[in-house]
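Heads up, the thing below is written out as structure tokens.
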Protein chains: 2
Amino acid sequence: MRKKVTIKDVARAVGVTPTTVSNVLNGTNRISDETRRRVLQAVEELQYTPNMSARALVKRRTYTIGLFIPASPRVLSDSYFAEALRGMTEVALQYGYVVSIIYSDGLSDSVRQRIDGLVLTELKNNDEYVQYFKRIRMPFVALGRGGDPMLRDYVISDTNRGIREAINHVYRLGHRRMGYLLGPLGYEYVCERYRIFRCMHAELGLSLDRRLCATGENSREGGALAIHAILTRGVRPTAIFASTDIMALGAIEYLHERGLRVPDDMSVIGFDDADFSKYVRPSITTVHHDIYRAGREAASMLIAKLDGREYKCPVILPVRFVPRESTSTISLDNQ
Amino acid sequence: MRKKVTIKDVARAVGVTPTTVSNVLNGTNRISDETRRRVLQAVEELQYTPNMSARALVKRRTYTIGLFIPASPRVLSDSYFAEALRGMTEVALQYGYVVSIIYSDGLSDSVRQRIDGLVLTELKNNDEYVQYFKRIRMPFVALGRGGDPMLRDYVISDTNRGIREAINHVYRLGHRRMGYLLGPLGYEYVCERYRIFRCMHAELGLSLDRRLCATGENSREGGALAIHAILTRGVRPTAIFASTDIMALGAIEYLHERGLRVPDDMSVIGFDDADFSKYVRPSITTVHHDIYRAGREAASMLIAKLDGREYKCPVILPVRFVPRESTSTISLDNQ
DNA sequence: TTGTAGGCGTTATCAC
DNA sequence: GTGATAACGCCTACAA
């Protein structure tokens, strides 16, 4: 293996000192165009790349950012994280950063000092991690809102618009009795989506029947249980929204088992545009948001923050309402 | 922010030199029980954690391993990678390693030197990356076989067994005319699964009709196109295997569009047990393998390799055949 | 515009 | 057993 080339080798080749090389590479001091040119050329010829460990040591920076994922086994499986990761990695690379995933219920000391900053996900209403990272002064930005109303450094989808379009769509199809299937109330996104739903719902001059709303886990089973709860109250919405596509799917399956057809007997609307939403029958009407893009924005914001550059925050990303088979005009016997 | 505590602080507190502290921490030299005790205690009290950048610099190791994912936009979205990553991260942490994802079409110099080794995925038959990493002497292990028959450092599922069980299952259901939907032939796993299929098929005393086999992209469309190709040949299998669940899904959808019912008119068998396979209707009979576990084993193997420890290779992980709705006894009019 | 000197926190080598 | 001392490769005052 050819010997590692260091800054000294470059300096020697050009006939200057390492300091000078360092200066042209970091753009600190003013350097004569001539030396700059020669240094750059030598760097090229020798294929020099600065040793990150050494740089990290003296700069007290690791040039690594992390995607923090609270430990709950199944959650990482979502393509949500894969997408976010992909976006983050791409921009991180451009800035000379690398991204690791931190998948645990906290930050061990050893991991903590190997990371300059974090992108947080799955925030809870009063997120303990947010408090924790603030306390240990670990810089972070969030994918999604929550944790602390004071925080401004987050990337979020334009949920408002997504839900507005969804609700208008359903309204135009003739639906007036709308229900809602909530995920775990601890999560900020669950509350926010519901809040927006209520708000838009009211704007249409409709009043919400609380009996048409129920809570469940964020899973197929949760969705099934929630719709079950509503039906056993002896009431029936003509259209039902769910916090997530996976809950919507559970609800649809449950309804089918009970002999109720979707969308004929009930329209169902999800959120997220999960992979399976277009595969299943009926395919699920939902709101698509671009997690890959969100990952890019989050990394971008975090790195700007770390590098002390200006950055715009919060970032709100566009969404796209995706009508599919699970919604249709209200049927006659439902009027 | 409280000052960073270094090895010197610990040394001072105990009244020894940094050398000694380092020695007890790294278990190199023999140290008296007394000093060891006091050093350890001081470490505890001061909450000392070694600075990884400094250690990395002197040891010429980064204590970072990477999951390498060839850049093709949609692939990372699979929960496959998320699962592998989760497994890797968990064991890496135990060994003081961190994992980053390398998502690109090569290794930039800067990234290369921030990584001690890689876990490779999505290997092709004669993988260029494998050649590349060998050439630059980047240690690696592979998730899945391929790239080079000489390589022994890989983790793989017991595909043999999975396909045997699947084929026996179908055989017992009365099927004799079996077809196969292949993904892109460049990929090792595609060829391997097909090879095993042919082998097991022959073992049952059946002879394979090549007209019942076709190739397509590894996607829904690819699956649809492949089954389409077979049907247009004027032949029809009673059961068809697919390289992956996603292709199986595409095939099922296509058949439905053509008025052929699955499993009544044709049984379909996938591979992977993707998330959606249990959601869709009919749910897909498939072979489940534990990617999370594979990720753990891969990280474990790689780190052992890096740390110069002994390790067992290759590692072959058990699989589980999962019969679902997409397979059934052969119908009378198909006999 | 360029060079000198010192230090970042650790570990390895070799005395004592 | 323990301690100087010298790297590891780079950056940054400050001096020239």
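The structure presented is a predicted model; accordingly, all values stated were derived computationally and were not measured. Letters A, B, ... mirror the listed sequences (proteins, then strands); counts begin at 1.
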Round to the nearest Å and state the distance from [X] atom [atom1] to [N] atom [atom2].
{"X": "Met52(A)", "N": "dC8(D)", "atom1": "CE", "atom2": "C1'", "result": "16 Å"}
{"X": "Arg12(A)", "N": "dT2(C)", "atom1": "CZ", "atom2": "P", "result": "19 Å"}
{"X": "Asn51(B)", "N": "dG9(D)", "atom1": "CG", "atom2": "P", "result": "17 Å"}
{"X": "Leu57(B)", "N": "dA7(D)", "atom1": "CG", "atom2": "P", "result": "14 Å"}
{"X": "Asp9(B)", "N": "dG9(C)", "atom1": "CG", "atom2": "P", "result": "9 Å"}
{"X": "Asp33(A)", "N": "dT2(C)", "atom1": "CG", "atom2": "C1'", "result": "15 Å"}
{"X": "Lys8(A)", "N": "dC10(D)", "atom1": "NZ", "atom2": "P", "result": "9 Å"}
{"X": "Leu25(B)", "N": "dT11(C)", "atom1": "CG", "atom2": "P", "result": "7 Å"}

Quick one: do [X] and [Y] make a salt bridge, cutoff under 4.0 Å?
{"X": "Asp290(B)", "Y": "Arg296(B)", "result": "no"}
{"X": "Lys59(A)", "Y": "Asp116(A)", "result": "no"}
{"X": "Arg12(A)", "Y": "Asp9(A)", "result": "yes"}

Which nucleotide in [options] has an atom nearest any side-chain atom of [X]:
{"X": "Ser22(A)", "options": "dA12(C), dC11(D), dT10(C)", "result": "dC11(D)"}
{"X": "Ser32(A)", "options": "dT11(C), dT1(C), dT10(C)", "result": "dT1(C)"}
{"X": "Ile7(B)", "options": "dT1(C), dG3(C), dT11(C)", "result": "dT11(C)"}
{"X": "Lys59(A)", "options": "dG9(C), dG9(D), dC11(D)", "result": "dC11(D)"}

Check whether any side-chain N or O of [X] sits under 4.0 Å from OP1 or OP2 of [N], and answer yes or no.
{"X": "Asn26(A)", "N": "dT12(D)", "value": "no"}
{"X": "Lys4(B)", "N": "dC8(C)", "value": "no"}
{"X": "Tyr48(B)", "N": "dT10(C)", "value": "yes"}
{"X": "Asn23(A)", "N": "dT1(C)", "value": "no"}
{"X": "Arg36(B)", "N": "dG1(D)", "value": "no"}
{"X": "Thr35(B)", "N": "dT2(D)", "value": "yes"}
{"X": "Arg55(B)", "N": "dC8(D)", "value": "no"}
{"X": "Thr20(A)", "N": "dT2(C)", "value": "no"}
{"X": "Thr17(B)", "N": "dG3(D)", "value": "yes"}

Exercise for the section: Measure across Ala13(A) and Leu46(A) and return the closest heavy-atom pair with its distance rounded to 0.1 Å. Expected result: CB-CD1, 4.1 Å
Handout entry: Terminal axis angle for the helix from dT1(C)-dA16(D) to dC16(C)-dG1(D), five pairs an end, nearest 10 degrees
Key = 40°
Practice task
For the pair Arg86(B) (side chain) and Tyr292(B) (backbone), establish whether a donor and an acceptor sit closer than 3.5 Å, ignoring hydrogens and angles.
Solution key: no
Exercise for the section: Assess Lys305(A) against Phe140(A): is NZ or CZ under 6.0 Å from the centre of the six-membered ring, and within 45 degrees of the ring's axis? Expected result: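 Here Lys305(A) passes the 6.0 Å and 45° test against Phe140(A).
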Handout entry: Arg135(B) to Tyr132(B) six-membered ring, cation-pi geometry met (6.0 Å, 45°)
Key =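 Here Arg135(B) fails the 6.0 Å and 45° test against Tyr132(B).
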Problem - dA4(D) base / Thr19(B) side chain donor-acceptor hit below 3.5 Å - result: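 Yes, a donor-acceptor pair under 3.5 Å.
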Practice task
Step by step, work out the side-chain hydrogen bond (donor to acceptor under 3.5 Å, both in side chains) result for Tyr311(A) and Asp153(A).
Solution key: CA-CA 9 Å; Tyr311(A) 56 94; Asp153(A) 297 347; 3.0 Å; yes
Exercise for the section: Quick one: label Ile31(A) by what it contacts on the DNA or RNA (base, sugar-phosphate, nothing), any heavy atom closer than 4.0 Å. Expected result: sugar-phosphate
Practice task
Tell me what Pro18(A) touches on the nucleic acid: a base, only sugar-phosphate, or nothing, going by heavy atoms under 4.0 Å.
Solution key: nothing
Handout entry: Neighbour count >12 (heavy atoms, 6.0 Å) for atom CD, Glu44(B)
Key =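 Count not over threshold, so no.
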